[in-house]
Amino acid sequence: RSNFQPSLPAKREGYFTPQNHQSLLGTSTRQAQLKKIWQSSLLSKSAYGDFCLEPLQKLAERYQNLPAARIADWNNVGGLLDLTLQQIVTTLQLSKGMVFPANAAPEDQAAQSSYWNCVVFWLALYWHVPELLYIEAELEEGNVWQPISNAPGMQFRFKVDRQTEAPAKDSVIRLAFSVSMLPKSALNWLEKQPNARDCLFLELAGINSAEKQIHLLMNKAKRKLLSCELNDVKNSAIMNANLYPKVVS
C-alpha cells in the first residue's frame, strides 16, 4: 500500500532518503511494539488491518525519522514514531479492565467494546501529530515539504522551527489531521456508536468528553510515558548537532 521504494542510501550530504513503512516499522524494537498493539486489540485480524494497522503505516511514512521536538526524552532521530508506538502500547495496556461507556448496562458495554478499543487506539495514534508543526523541511529540489500535509516523495532535510505555536492550534490540527487520515470505512463504522464517535472527536480537539474515563486515561498515559512536560520550543536548541546536518534557509 506504499508509494515509496525501499530505503536507499542518501545521495546528497545532509539529506535523508524517505523510507516506506516496511523499513520504518521493520526494526526488531518496533516489531515488538506492533505485536503488543495487536495483542491488545479487540478487532478481527482484517478489521485491525484496515482500522488500525493501515493508519499506523501511513502515519509512519509521514513521520519518517523526525523527532518529537518539544519532548526531551524523544527529541532524537525517529523519536516521534517511537513515542507514538509507545503511546499506543501504554494507553491500550492502561485501558485493560476499563469498560466504556461507564454508565451503560453490561450488555451494552460488551457490544461496544471494539468501538471503544479503537477510540483509545486512535487517540494514542494521533496524539503527537502537533509535533509536526515544529518541523521545517525542504525537498532536494528546493520545495518546502510540509509533513502535516503529505509524505516526502524524494530526499529531504529538516530542522526544528523554534517559533512557538499557540497551544490551541495543537488540538485543531490533531482533530483535522485525524479525520483526514482515518479510512472512510473506519469513520462509517464508528458512526454506529455516536457516543464513541463524539468522545473521539472531542478529545482530539482538546475538549473533555462526557466519557470522563477516557480523559483520565490519556492523562494517566501521559504521566506514565513522559518523564518531563513539553519543553518550550526554544529549549530544543540543545540537541545533537548531527541530527540536523543542514539548515533549511
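Nothing fancy with the numbering, it's 1 onward along the sequence.
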Chemist: Counting neighbours of NZ on K184 that are heavy atoms of other residues, nucleotides or ligands and sit closer than 6.0 Å, is the number greater than 12?
Modeler: no
Chemist: Does S185 form a side-chain contact (heavy atoms from CB on, under 4.5 Å) with F51? I'd like the steps, not just the answer.
Modeler: CA-CA 8 Å; S185 58; F51 296 169; 3.6 Å; yes
Chemist: Please report the closest heavy-atom contact between W38 and K45, naming both atoms and the distance.
Modeler: CH2-CA, 3.6 Å
Chemist: So how far is it from H215 NE2 to L202 CG, rounded to the nearest 0.5 Å?
Modeler: 11.5 Å
Chemist: Just wondering, do C52 and L43 contact through their side chains at under 4.5 Å, heavy atoms?
Modeler: yes
Chemist: Indicate, with yes or no, if V129 and L56 share a hydrophobic cluster defined by side-chain heavy-atom contacts under 4.5 Å among Ile, Leu, Val, Met, Phe, Trp and Tyr.
Modeler: yes
Chemist: Following the transitive rule for hydrophobic clusters with a side-chain heavy-atom cut-off under 4.5 Å over Ile, Leu, Val, Met, Phe, Trp and Tyr, establish whether M181 and L80 coincide in one cluster.
Modeler: yes
Chemist: Report whether F121 and L216 are members of the same hydrophobic cluster (ILVMFWY, side-chain heavy atoms less than 4.5 Å apart, transitive linking).
Modeler: no
Chemist: Can you tell me how far apart CD (Q193) and CG (D108) are? Round to the nearest 0.5 Å.
Modeler: 8.5 Å
Chemist: Do L125 and P55 have side-chain heavy atoms sitting under 4.5 Å apart?
Modeler: yes
Chemist: Quick check: closest heavy atoms across P130 and R70, and the distance to 0.1 Å?
Modeler: CB-NH2, 4.0 Å
Chemist: Would you say the side chain of Q31 lies within less than 4.5 Å of the side chain of T27, judging by non-hydrogen atoms?
Modeler: no
Chemist: Please check if the side chain of W189 supplies one atom and the backbone of A47 the other of a donor-acceptor pair under 3.5 Å.
Modeler: no
Chemist: Are the side chains of C118 and W122 in touch, meaning some heavy atoms are under 4.5 Å apart?
Modeler: yes
Chemist: Would you indicate whether the side-chain heavy atoms of N150 and W145 approach each other to under 4.5 Å?
Modeler: yes
Chemist: At their closest point, which heavy atom of A221 faces which heavy atom of Q87, and how far apart are they?
Modeler: CB-NE2, 4.0 Å
Chemist: Can you name the closest pair of heavy atoms from S113 and A110 and give their distance?
Modeler: OG-O, 3.0 Å
Chemist: What about V172 and L175, same hydrophobic cluster or not, with Ile/Leu/Val/Met/Phe/Trp/Tyr joined at side-chain heavy-atom distances under 4.5 Å?
Modeler: no
Chemist: In Å and rounded to the nearest 0.5 Å, what is the CG to CG distance from L25 to L34?
Modeler: 5.5 Å
Chemist: Looking at G78, is its backbone amide N or carbonyl O close enough to the side chain of N65 to form a donor-acceptor pair, meaning the two atoms are under 3.5 Å apart?
Modeler: no
Chemist: Please step through side-chain contact (heavy atoms from CB on, under 4.5 Å) for the pair C199 and W116, ending with a clear verdict.
Modeler: CA-CA 9 Å; C199 175; W116 289 97; 3.7 Å; yes
Chemist: What distance do L24 atom CG and E61 atom CD have between them, rounded to the nearest 0.5 Å?
Modeler: 7.0 Å
Chemist: Looking just at side-chain N and O atoms, do Q64 and Q19 make a donor-acceptor pair shorter than 3.5 Å?
Modeler: no
Chemist: Spell out, as yes or no, whether a donor-acceptor pair under 3.5 Å connects the side chain of S178 to the backbone of R174.
Modeler: yes
Chemist: Can you list the steps and then say if Y115 with N195 is a side-chain contact (heavy atoms from CB on, under 4.5 Å)?
Modeler: CA-CA 10 Å; Y115 294 90; N195 53 347; over 6 Å; no
Chemist: For N103, is the CG atom crowded, meaning more than 12 foreign heavy atoms sit under 6.0 Å from it?
Modeler: no
Chemist: Determine whether a donor-acceptor pair (N or O, by modelled atom type, separation under 3.5 Å) exists between the side chain of E140 and the backbone of M154.
Modeler: no
Chemist: Using side-chain heavy atoms (C-beta onward) and a distance below 4.5 Å, is Y63 in contact with L132?
Modeler: yes
Chemist: With clusters defined by side-chain heavy atoms of hydrophobic residues (ILVMFWY) lying less than 4.5 Å apart, directly or transitively, does L42 cluster with M98?
Modeler: no
Chemist: Can you name the closest pair of heavy atoms from L85 and R30 and give their distance?
Modeler: CD1-CG, 3.6 Å
Chemist: Side chain of E138, backbone of N143: donor and acceptor closer than 3.5 Å?
Modeler: no
Chemist: Compare all side-chain heavy atoms of T91 with those of M218 and state whether any distance is below 4.5 angstrom.
Modeler: yes
Chemist: Kindly compute the distance separating NZ (K222) from OG1 (T90), expressed to the nearest 0.5 Å.
Modeler: 14.5 Å
Chemist: W74 and L225: side-chain contact (heavy atoms from CB on, under 4.5 Å), yes or no, with the steps?
Modeler: CA-CA 11 Å; W74 305 91; L225 188 60; 4.3 Å; yes
Chemist: Are F158 and F16 an aromatic pair, judged by ring center distance below 6.0 Å?
Modeler: yes
Chemist: Please round to the nearest 0.5 Å and tell me the distance separating atom CD1 of I88 and atom NZ of K36.
Modeler: 13.0 Å
Chemist: For a 4.5 angstrom cut-off between non-hydrogen side-chain atoms, does F100 reach E211?
Modeler: yes
Chemist: Considering all heavy atoms of both residues, which atom of L66 and which atom of R62 are nearest to each other, and what is their separation?
Modeler: CD1-O, 4.2 Å
